[in-house]
Amino acid sequence: MVGMTVAIDGPAASGKSTTARAVAERLGYCHLNSGQLYRAITWAALEDGWIDDESRFEVELASLELKLTRTPPTFSVRVSGRDPGEALALPRTAARVSEVSARAEVRLRVLELLRAEGREGGVVCDGRDIGTVVFPGAELKIFLVASAEERGRRRLLDHGVEATSRRISEQAERLMARDVADSTRAVAPLRRAPDAVKIDTTGVHPDDVVEMIVRLAEERGVDDQPGPEPTQPAS
């Protein structure tokens with residue numbers, strides 16, 4: 001497949017996944033959601049009972065078969081032949097994914113999978129270290145931001161919860177704490193790449209954000225080049 005790699009990073013609830021999928025649809029690419037892979041590993045660790053077993057974790061992770069299949073405009077994932085389906089979005093999985101994704105051996109495994117797909121080109125990938133670690137040579141890098149209050153409001157609405165002032169404030173505090181944790185972690189911290197285009201989505205309609213990114217991709221020659229080879233190792 002010919003096409004560039006678009007890397008979209010940003011803090012929690014900044015709209016990365018929704019934006020990335022929409023951009024992929026517009027460009028005729030596939031949305032490569034790094035969070036889906038971290039959730040898949042977390043799901044398997046919970047399902048098979050080794051998430052809290054340090055003696056088994058690395059061994060089980062090494063034997064885990066993770067298979068990505070392009071199903072435009074996204075990818076489907078199977079874990080050792082199993083389809084986790086909607087279980088990836090369950091609170092049980094979400095509650096443990098942050099700690100699992102912080103493990104160096106997990107990030108390395110996901111990094112290998114993401115880069116393998118990136119070499120095929122025609123992907124829009126989102127996460128927190130895509131432009132800095134996973135695809136440092138991506139033709140287009142985006143860093144989405146929004147105020148903590150705006151992100152809190154979106155998170156509540158996504159979960160079908162009424163966005164009262166008190167709830168928004170509480171959610172904003174949790175997100176700011178997550179920002180600190182993501183930005184200061186030892187492995188692949190959240191960081192804006194020097195050449196990433198920063199887009200503040202506070203008060204901006206999602207369709208307008210997508211349009212901005214599509215225009216930037218078109219300016220860079222969206223279909224002219226294959227996806228980039230990684231130029232830096234993971235830190």
Side-chain angles (χ1 to χ4, degrees), residues 6-23 31 33-39 41-43 46 51 88-104 106-107 110-111 114 124-136 141-210 212-213 234-235:
V6 180
I8 300 181
D9 288 309
S14 58
K16 300 185 297 295
S17 292
T18 301
T19 300
R21 183 184 175 97
V23 170
H31 172 211
N33 185 347
S34 62
Q36 183 184 37
L37 290 172
Y38 289 118
R39 285 173 179 265
I41 293 173
T42 303
W43 171 79
L46 283 166
I51 193 166
L88 296 185
L90 292 178
R92 177 173 180 257
T93 305
R96 303 297 300 273
V97 69
S98 182
E99 64 185 89
V100 170
S101 65
R103 300 180 66 118
V106 172
R107 301 199 72 82
V110 171
L111 176 71
L114 295 176
V124 182
C125 188
D126 69 279
R128 291 176 177 79
D129 62 349
I130 306 304
T132 55
V133 174
V134 182
F135 297 124
K141 301 175 187 177
I142 303 294
F143 195 82
L144 295 181
V145 298
S147 70
E149 290 73 20
E150 174 72 5
R151 290 186 287 140
R153 184 186 67 82
R154 292 173 184 170
R155 178 61 60 86
L156 290 169
L157 294 177
D158 286 345
H159 292 170
V161 178
E162 183 182 0
T164 64
S165 296
R166 179 181 61 80
R167 287 172 177 163
I168 290 175
S169 179
E170 292 172 347
Q171 190 67 242
E173 288 184 10
R174 284 193 285 269
L175 288 169
M176 287 189 288
R178 175 72 180 274
D179 293 345
V180 172
D182 287 343
S183 300
T184 58
R185 68 191 181 199
V187 180
L190 169 67
R191 189 175 297 142
R192 177 186 173 190
D195 55 344
V197 178
K198 181 179 177 180
I199 300 178
D200 190 336
T201 66
T202 306
V204 181
H205 193 280
D207 291 347
D208 293 332
V209 177
V210 172
M212 291 181 207
I213 298 173
S235 56

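Along the sequence shown, residues are numbered consecutively beginning with 1.
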Notebook entry, point to check: Could you walk me through whether Leu190 and Ser183 pass the side chain to side chain contact (heavy atoms under 4.5 Å, CB included) check?
Noted result: CA-CA 5 Å; Leu190 169 67; Ser183 300; 3.9 Å; yes

Next item on the list: Test salt bridge (charged side-chain N to carboxylate O under 4.0 Å, His left out) on Glu170 and Arg167 and set out the steps.
Entry: CA-CA 5 Å; Glu170 292 172 347; Arg167 287 172 177 163; over 6 Å; no

Check: Passes side chain to side chain contact (heavy atoms under 4.5 Å, CB included), Thr19 versus Asp126? Steps please.
Finding: CA-CA 9 Å; Thr19 300; Asp126 69 279; over 6 Å; no

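Closest of all the heavy-atom pairs between Ala163 and Arg153 is CB-CG, 4.0 Å. The minimum heavy-atom distance linking Arg192 with Thr132 is given by the pair C-CG2, 4.3 Å. When every heavy atom of Val23 is checked against every heavy atom of Val124, the shortest pair comes out as CG1-CG2, 4.0 Å. Closest non-hydrogen pair, Leu175 versus Ala12, comes out as CD2-CB, 3.8 Å. The two residues Leu144 and Pro11 come nearest to each other via the heavy atoms O-CD, 3.2 Å. When all heavy atoms of Pro136 and Lys141 are compared, the closest pair comes out as O-NZ, 2.6 Å.
A 4.5 Å side-chain heavy-atom check between Ser101 and Arg128 finds every atom pair outside the cut-off. Side-chain contact between Leu114 and Cys125: present, with at least one pair of heavy atoms (C-beta onward) separated by less than 4.5 Å. A 4.5 Å side-chain heavy-atom check between Ser34 and Val134 finds every atom pair outside the cut-off. In this structure, Ser17 and His31 have side chains that are in contact, with non-hydrogen atoms separated by less than 4.5 Å. Contact check for Arg155 versus Arg151: no side-chain heavy atoms found under the 4.5 Å cut-off. Using a 4.5 Å cut-off on side-chain heavy atoms (C-beta onward), Val100 and Tyr38 make no contact. Side-chain contact between Arg107 and Asp129 is present, with at least one heavy-atom pair separated by less than 4.5 Å. Considering only heavy atoms from C-beta on, Ile51 comes within 4.5 Å of Thr42 through its side chain.
In this structure, the separation between CD1 on Ile8 and CG on Asn33 is 11.0 Å, given to the nearest 0.5 Å. Note: Met176 CE to Gln171 CD = 11.0 Å, rounded to the nearest 0.5 Å. How far CG of Asp9 is from NZ of Lys16: 8.0 Å, rounded to the nearest 0.5 Å. To the nearest 0.5 Å, the span separating CZ on Arg96 from CG on Leu46 amounts to 6.0 Å.
Listed for the His205 side chain is a donor-acceptor partner under 3.5 Å among the backbone atoms of Asp207. The backbone N or O of Ser147 lies less than 3.5 Å from a partner atom in the side chain of Thr202, making a donor-acceptor pair.
With no hydrogens or angles considered, a side-chain donor-acceptor pair links Arg154 and Thr201 at under 3.5 Å.
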